[in-house]
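Keep in mind that what you see is a predicted model, and the values were worked out from it rather than measured.
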Amino acid sequence: MLTHEERIKSYAHKCLTKLEGYTPYTDSDVTPEILLNQSIMGQYHNADGTTVFITLTGLYLEPHEWMIPYSEMRSCDIDLTNTSKSTVQKIQIYLKTGEQIELPIIQPLTAGNGRTNEIWQVFTFLRNLIAKS
């Protein structure tokens, strides 16, 4: 049976590594100060210049400087109102406190090559983590 940490790494590998906007984290990458004591697995570079850091404990959005621990996530969803599956750019994350946060996943213009929007793989990653928490 996998540990919680091994499960997170496995989900990240299965869901995120093939995305054009995602890069695995290396020691030479610039690390935001807030994440110096975190185990960073990778980062998703949004087309708008923001970056979502994927760590073993949660998500960090730069430059907005907010951290969402996986342990605080109750559920997630994608609202297709006024958009489509191929153009949606936000995942709604519902926290156990009742708050809702919108996580932007704006794939590079070159990503996809006619395939599915990359947001769906990030959504699958989060949904799997939340379901197993």
Side-chain angles (χ1 to χ4, degrees):
M1 179 166 239
L2 295 177
T3 67
H4 183 66
E5 186 174 290
E6 291 169 333
R7 189 177 308 119
I8 293 170
K9 287 179 181 178
S10 174
Y11 290 151
H13 179 76
K14 288 178 191 175
C15 297
L16 306 176
T17 55
K18 294 180 183 174
L19 302 181
E20 189 168 329
Y22 179 82
T23 55
Y25 186 78
T26 65
D27 290 337
S28 63
D29 290 336
V30 176
T31 304
E33 189 172 330
I34 194 170
L35 297 178
L36 289 177
N37 295 323
Q38 296 284 326
S39 294
I40 303 170
M41 294 183 296
Q43 43 201 319
Y44 189 89
H45 303 280
N46 284 315
D48 68 356
T50 59
T51 301
V52 179
F53 287 86
I54 293 90
T55 76
L56 285 177
T57 59
L59 303 175
Y60 175 75
L61 182 64
E62 185 181 61
H64 303 296
E65 298 184 358
W66 50 255
M67 180 82 176
I68 310 170
Y70 302 126
S71 62
E72 293 182 15
M73 297 178 191
R74 180 177 43 91
S75 64
C76 62
D77 196 12
I78 293 181
D79 182 3
L80 294 176
T81 305
N82 299 321
T83 190
S84 70
K85 288 183 177 182
S86 62
T87 60
V88 66
Q89 297 182 339
K90 294 178 183 170
I91 298 174
Q92 280 74 35
I93 299 174
Y94 301 95
L95 304 180
K96 292 176 181 176
T97 62
E99 293 176 79
Q100 176 185 338
I101 295 174
E102 289 187 338
L103 176 68
I105 300 295
I106 306 165
Q107 72 183 21
L109 293 176
T110 58
N113 297 324
R115 296 188 330 246
T116 305
N117 186 338
E118 291 189 348
I119 196 169
W120 295 101
Q121 288 300 108
V122 178
F123 174 69
T124 299
F125 167 72
L126 290 174
R127 188 184 61 203
N128 287 340
L129 278 180
I130 293 167
K132 299 291 183 180
S133 294

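Pairs passing the salt bridge (charged side-chain N to carboxylate O under 4.0 Å, His left out) check and including a residue from residues 88-101, sequence neighbours excluded, read K90-E102. Evaluation of the salt bridge (charged side-chain N to carboxylate O under 4.0 Å, His left out) test over residues 48-62, restricted to residues two or more places apart or in two chains, returns none.
Checked by atom type and distance alone, the side chain of N46 pairs as donor or acceptor with a backbone atom of P104 at under 3.5 Å. Of the possible donor and acceptor atoms, one in the side chain of T17 sits under 3.5 Å from a partner among the backbone N and O of H13.
Taking the side-chain contact (heavy atoms from CB on, under 4.5 Å) definition, one finds that S75 meets it with Y94, sequence neighbours left out. By the side-chain contact (heavy atoms from CB on, under 4.5 Å) test, L36 is found to be paired with T31, E33, residues two or more places apart in sequence or in another chain being considered. Residues meeting the side-chain contact (heavy atoms from CB on, under 4.5 Å) test with D79, sequence neighbours left out: T81, Q92. Q121 is linked by a side-chain hydrogen bond (donor to acceptor under 3.5 Å, both in side chains) to nothing, counting only residues two or more places apart in sequence or in another chain. Judged as a side-chain hydrogen bond (donor to acceptor under 3.5 Å, both in side chains), and not counting sequence neighbours, S71 has no contacts.
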Contacts table for residues 51-59: side-chain donor-acceptor under 3.5 angstrom, sequence neighbours left out:
unit_1	atom_1	unit_2	atom_2	d
T55	OG1	T57	N	3.1
T55	OG1	T57	OG1	3.3
T55	OG1	G58	N	2.9
T55	OG1	G58	O	2.8
T57	OG1	Q38	OE1	2.5

List the atom pairs, donor and acceptor, that lie under 3.5 Å between side-chain atoms in residues 1-10 and the rest of the protein, sequence neighbours left out.
unit_1	atom_1	unit_2	atom_2	d
T3	OG1	E6	N	3.1
T3	OG1	E6	OE1	3.3
E6	OE1	T3	N	2.8

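The distance from atom CD of E72 to atom CD1 of I93, rounded to the nearest 0.5 Å, is 11.5 Å. Between the CG atom in L19 and the NE2 atom in H45 there is a gap of 12.0 Å [rounded to 0.5 Å]. Of the inter-residue distances, the one linking F125 atom CZ with Y22 atom OH reads 7.5 Å to the nearest 0.5 angstrom. Between L126 atom CG and I91 atom CD1 the span is 5.5 Å, to the nearest 0.5 Å. Taken to the nearest 0.5 Å, the CG atom of L95 stands 6.0 Å off from the CD1 atom of I68. Going from atom SG of C76 over to atom CD1 of I130 covers 4.0 Å, rounded to the nearest 0.5 Å.
Clustering ILVMFWY residues whenever any of their side-chain heavy atoms sit less than 4.5 angstrom apart, transitively, puts L80 in the very cluster that holds I119.
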Yes or no on side-chain contact (heavy atoms from CB on, under 4.5 Å) for Y44 and I105, after CA distance, side-chain angles and deciding distance? CA-CA 8 Å; Y44 189 89; I105 300 295; 3.8 Å; yes
Set out, in order, the CA-CA distance, both residues' side-chain angles and the distance that settles side-chain contact (heavy atoms from CB on, under 4.5 Å) for T124 and Y11, then state yes or no. CA-CA 9 Å; T124 299; Y11 290 151; over 6 Å; no
Please assess E118 against E20 for the test side-chain contact (heavy atoms from CB on, under 4.5 Å), listing each intermediate value before the final yes or no. CA-CA 8 Å; E118 291 189 348; E20 189 168 329; 3.4 Å; yes
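Nearest heavy-atom pair, Q89 versus I106, reported as atom, atom and distance to 0.1 Å: NE2-CG2, 3.6 Å.
Proximity of T50 to P63: side-chain heavy atoms (C-beta onward) are separated by under 4.5 Å at one or more points. No side-chain heavy atom of N117 sits less than 4.5 Å from a side-chain heavy atom of T87.
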